[in-house]
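Read through the structure below, which is laid out as C-alpha cells, and then see the notes.
In what follows, chains are A, B, ... by sequence order, proteins preceding strands, each numbered from 1. Just so it is clear, the values below take in all heavy atoms, side chains as well, and ignore hydrogens, waters and symmetry mates.
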Amino acid sequence: MAEHRYDPHEIEPRWQNVWAEERTWEVRNDEPSEDRHEAPGPGRSVGATDLNSYVLEMLPYPSGEPHIGHLKCYALGDAIAHYHRRLGRHVLHPMGYDAFGLPAENHAIKTGVHPRVSTAESIASFQRQFRSWGISIDWSRELATCEPEYYRWTQWIFLELFRAGLAYRKDAAVKWCPKDQTVLANEQVDADGHCERCGAVVEVRQLNQWFLRITDYAERLHDGLHEIEWPEHVKTMQRNWIGRSEGAEVTFRCEELDVDYPVFTTRPDTLFGATFFVMAPEHPDVPRLAEGTEHEQAAREYVNRALNETNEERGNAERQKTGVPLGRTVTNPVNGEQIPIYVADYVLMEYGTGAIMAVPGHDERDHDFATAFDLPIRRVIEPLDPQGDDDLELPYTSDGRLTNSHPDFDGMPNREALAAIVAWLDREGKGHASVNYRLRDWLISRQRYWGCPIPIVNCERCGTVGVPIEQLPVELPDVEDYMPKGRSPLAASESFLNVSCPECGGAAQRETDTMDTFVDSSWYFLRYCDARNDQAAWDPAALKRWMPVDQYIGGVEHAILHLMYARFFTKALADLGHLDFQEPFNALFTQGMVTKDGSKMSKSRGNVVSPAAIIERVGADTARCYILFVGPPDQDADWSDDGVEGVHRFLSRLWRLSAETAERAGGDASAAPGLSEPSTAGGDDLALLRKTHWAIDKVGGDLRRFAFNTAIAAVMELLNEISRLRESTDLETQRFSLATAASLLFPFAPHVCADAYDLLTGERVWEQEWPQADEAMLESESYELVCQVNGKVRDRVQANADAGPDELKDLCRAAPNVQVHLDGKQVVKEVVVPGKLVNFVVR
RNA sequence: GCGGCGGUGGCGGAACGGUAGACGCGGGGCCCUCAAAAGGCCCUGUCCGCAAGGGCGUGUGGGUUCGAAUCCCACCCGCCGCACCA
C-alpha cells in the first residue's frame, strides 16, 4: 500500500483553483428563487423567503497584513455561509475594504508613500491572504470604499441627507487633536480626553463643521433594538449610548433680563427643593447674565478657565465642585422663589439645555456644590420606612413621600407626585413631560486628505449648494502634499477648490473637508447587493433579494459606532424612500478576541501571531479549524502553537484514513461516484453507523447555535470511533462514515474535506445536501441505566430501550452495588427517569 | 457608582435540573524503528485502598429539589462597556 501523507500545501491551492476557475461562490441577482437541490430531503422545508441568505462579516480596514482576528472573523463567517449553502440557499457572501481613513494616511505620511499606493498594496495583500485561506467569497462584488465608483454613491447619500435636512453645518466647539491636526468625533476621544488614535491631549476649538442629524432618530434607534436578534450586551451598550431619560422640561424665568430658561430634569418631584440654578460655562447667556454685576470679571475668568480644561480634568466627579455666582436669580415656577444662578463646570452644555435646577437635598452633585458654596439644602422627600441612618441624611436619592413642598403634594408618594406636578406645570404653561437623549449629532467633517470629499460648493450668492448628481463623483484630487495643516489638504489644490457654482454659474469654492470613514462603512452592505451598478447606488430589486443581512459577524469594538451609524443610515434612507426595511442586520454575532499568552497581541509586546506564518507551517484548514475549536467563538481565545498541532494531527488523520480507505475500495471512486449508506448492518458496523448519525445530529445542532468548538469535537469523536473500529467493520461502512465526517467538517476545513470527499466518492462535497440524521439511528435498543441511591451513582446496568418503569426499578435493585447501599435501609421514594436513571431514596 | 459578562482538572474548554470533566493540549507508560521523525495503543481531577470500592470535588455561604456546575438569595474575585448625562 502506498504511503499517504497529508500535504495541505498541495491540496489547498488545488481546490482554491477549482473554486476560482469555476466561480463557485458567485451568486447572481437574477437566479430563480427556488431550491438549488433537485430533490429536497425530508425536513428540508426551507421557506421561500429563506432561499436567499446574506452572510456578512464586517469589512476589513486594509492596513499592512491581515491579523489573526481577521482569520477568526472570516473562518466563522465562512462556516456559516457554507452551512447555509448546504441547506439549499443562495448565499451572498461578499468582501470589500474600508479603505479611507486616518491610519492609512498617517502611515503614508510616515513612509512618504501616497495613501492611494499604500492602500492598494494593503488591499492586494489582504486579497492574496484571503484567497489563501480558501474563504468562499463572491469576488465579483468586491469593492473598496476609496474607489470613485463606490464613493460616488457615498456622496449621493450625503446629498440625499442634505436635501432632507439631515446633513447640516454649524459652528461648534469641537474636539481638536493637535497631533493629527484634525477634528475628532466625540467617540474618537477617550474618557480622559486623549485622542483615541495617537493619545495626544485633545483641545477644544470653534469650527464650522458638517453634522448628520442622528439625534432625530434617537427614539427609533432605541426602540428598533427590540426587533433584532443581537447579543444582549450589544443592545445594552447601544441603549446606554442613546441614553434615553424620561422627565420634564421646566421653565425658570429670569425677571431682570426677561428671559425664560427651560431645564430638563428627571426629578420634577423634587422641584420644591430647588435652591439654586446652574449653567454650563459654554452657555451663550452666561456673559450677558453676569454683565454689569459685581461678578462679571470673576465669571469671565471662570468660563475661560473651564473652556481650557481637558475633559480629563473636567470629567472627574471626585474633585471639589467649583463655580461662580452670576449675581442674578431665576424664579422657581412652582413656588415663586427667587434662586441664585451660578456658572459651574459640572453642568454640560451638550446635555439637556445646558442649564439645570439644582436640588441639593436629593442629588449628590448638587449637594456637593451646595456644601462648597454654603447654599441652603432642603429636604422635600422623606423615606416611607427609614432603613438606617443613611436614609435620614441628605442627599437622599431614593423614593419616598413628599414633604415641605405644597399642601396639594405633601404626603404623596414621590412617583405619583412626579406625574401630578408635571400635569400641574403643563396646565400652567410652565413645563411639560419630556424625553431627553444623551446621543448627539454625528460630526462627520474631517480636515484630512484621505477621505471621501463632501460634495458641496460654497457660493457667495447661493450659499451652500449640493453638487448635482450627474457631476458625481467629486473626485479626490491627486495632491502632492497631504500633510494636515489645520485645514484640509484639498484646499491646496486650486483646480479642485475653484469651481463655478452649479446654481448661478458664478465663481465658487468647493467644500474641502472630507467625511469621517464611518460614513463609508455605513452603507457598504447595500452596495454589495448591486456592486457593479453605475446608474444608481443599487437597484431596489437587488436589495429586495438580499437585504436585510441575515447574519452579521464582527468584533464587539464596533458595538456602538459602526452599528449605530449603519442603523441610522438604514432608517434615514428608508424614510427617503430608498429602502423598505428599518434594520440592516437581523442577527449579529460578535466574536471574541484572539490573545497570546493571555494578553492582546501587539507589536510592542512582541506576541503577534501572523496568519501567514501559521498557514505556511500547517495550512489554512488547520489554522481555521483550530481557531474555531479552541473555544466558544464569542469568547476570547488564547492562541497556542501546541493546540494547533493537535488540530493538524486530526485533519491529517482524517485525510490519511480517507486516502487509505479510498485505495482499499479500489481507487476507482470516480468510476462509480456517489455515496450511499450501507443498508443492513449489525455489530460494530451498526455501532459505527449510529455514531455517524449521532455526529450528523450533533454538528447540525451545534452549527445552528454557533457552537463550532463542540461541532468540531463531535467530528473528532466520530473519527476516533472510525479509527477504533477499523479492523472490525466493513469497508463500505468506513467509507460512508469517513465521507460523512468530511462532509460535516467541510464548513470549517473546506480544502481537506473537499479532497477527502472526492477521494472517497468522486463527488464535490459542496454540492451535496447537508446530511440528515436518521432518527431511528439515534436510538439504540439498549442503554446504560444509571443506578443511584440518595442521588449518588452506585452502579450502572444495561437496560432495554423499551423497558418500563417497573422493569427499570427491578434492574436497578438487582445491581450488586445498589444492593450494598440498600441493605438494611428503608426505601422511602423511587424516582425513575426512563432512558436515564433510577434513584432510590432510603432512610 | 451604573450596566453587562464570567469564575469547572496542570491548561483551553464539555455538560436539555439527571453518570461532572466530552474533545483537544500537556504529562506518563508501551508498540513500531538499528535509531529518530511520523504513526499506533493504554493511563491521566484528588485523597484513602493491593483490589473491590469509598471519601472529597464546578469561587464562598445559605436555600429549593429525590437529584444543583446548572434554579433562587447573599457575598467574594476577574473581565468589558458607560460614567458629574441633571
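Among pairs with a residue in residues 812-829 of chain A, those fulfilling salt bridge (Lys or Arg N to Asp or Glu O under 4.0 Å) read A/Arg813-A/Glu830, at least two apart in sequence or across chains.
Picking from B/G18, B/G12, B/G81 the nucleotide with the shortest atom distance to the side chain of A/Val831 gives B/G18. Residue A/His233 places its side chain closer to B/G4 than to any other of B/G81, B/G4, B/A86. Taking only side-chain atoms of A/Arg656, from C-beta outward, the nucleotide of B/G81, B/G40, B/C66 with the closest atom is B/G40.
A donor-acceptor contact closer than 3.5 angstrom links the side chains of A/Thr710 and A/Asp702. Residues A/Arg724 and A/Thr729 have side chains that never bring a donor and an acceptor to within less than 3.5 angstrom of each other.
Aromatic ring orientation, A/Tyr565 versus A/Trp442: parallel (interplanar angle below 30°, classes split at 30° and 60°). Relative orientation of the A/Phe589 and A/Phe706 rings is tilted, given thresholds of 30° and 60° on the angle between their planes.
Looking at heavy-atom distances under 4.0 Å, A/Glu830 makes no contact with the nucleic acid at all. Using a 4.0 Å heavy-atom distance criterion, A/Val786 is classed as a base contact. Using a 4.0 Å heavy-atom criterion, one finds that A/Arg705 contacts the sugar-phosphate atoms exclusively. No contact: A/Ser652 has no heavy atom under 4.0 Å from any strand. Across all strands shown, A/Val833 has heavy atoms under 4.0 Å from base atoms, whether or not it also approaches the sugar-phosphate.
Here A/Lys829 reaches the OP1 or OP2 of B/C66: one of its side-chain N or O atoms lies under 4.0 Å away.
When the shell of 6.0 Å around CD of A/Glu775 is examined, it contains 12 or fewer heavy atoms from other residues, nucleotides or ligands. The local environment of CD in A/Glu350 is crowded, with over 12 non-hydrogen atoms from other residues, nucleotides or ligands closer than 6.0 Å. In this structure, A/Arg843 places its CZ atom where only 12 or fewer heavy-atom neighbours from other residues, nucleotides or ligands lie under 6.0 Å away. No more than 12 heavy atoms of other residues, nucleotides or ligands lie within 6.0 Å of CD in A/Glu364, so this atom counts as exposed by the packing criterion.
Glycosidic conformation of B/G54: anti, with the torsion beyond 90° of 0.
Note: CG (A/Asp636) to P (B/G7) measures 14 Å, nearest angstrom. Atom pair A/Gln635:CD and B/C79:P shows a separation of 16 Å (rounding to whole Å applied). In this structure, CZ of A/Phe264 is placed 16 Å from C1' of B/C84, rounded to the nearest angstrom.
A heavy atom closer than 4.0 Å to some atom of RNA chain B occurs in A/Asp345, A/Tyr346, A/Val347, A/Leu348, A/Tyr351, these being the qualifying members of residues 339-351 of chain A.
The pair A/Arg239-A/Glu232 counts as a salt bridge, with a side-chain nitrogen and a carboxylate oxygen less than 4.0 angstrom apart. Contact check on A/Arg319 versus A/Asp345 returns a salt bridge, with a Lys/Arg side-chain nitrogen under 4.0 Å from an Asp/Glu carboxylate oxygen. At a threshold of 4.0 Å, the pair A/Arg617-A/Glu645 counts as salt-bridged, since one of the basic side-chain nitrogens sits closer than that to a carboxylate oxygen. A salt bridge is defined here as a Lys NZ or Arg NE, NH1 or NH2 lying under 4.0 Å from an Asp or Glu carboxylate O, and A/Arg624 with A/Asp621 fails to meet this definition.
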Using the 3.5 Å cut-off, write out each protein N or O paired with an N or O of nucleotides 43-46 of chain B and the distance between them.
none

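Counting only Watson-Crick and G-U wobble pairs whose two key distances fall under 3.5 Å, RNA chain B forms stems of three or more stacked pairs at B:1-7 with B:76-82, B:10-12 with B:23-25, B:26-31 with B:39-44, B:45-48 with B:53-56, B:59-63 with B:71-75.
To the nearest 0.5 Å, atom NE2 of residue A/His283 and atom OH of residue A/Tyr261 are 6.0 Å apart.
Remark: A/Arg379 qualifies as a cation-pi partner of A/Tyr396 under the 6.0 Å distance and 45° angle criteria applied to the six-membered ring.
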Along nucleotides 48-59 of chain B, 5' to 3', which nucleotides get a B, which get an S, and which get a -, given that the test is a protein heavy-atom distance under 4.0 Å?
-----SSS----
Can you build the contact string for nucleotides 22-30 of chain B? Use B for base contact, S for sugar-phosphate-only contact, and - for no protein heavy atom under 4.0 Å.
BBSSS----
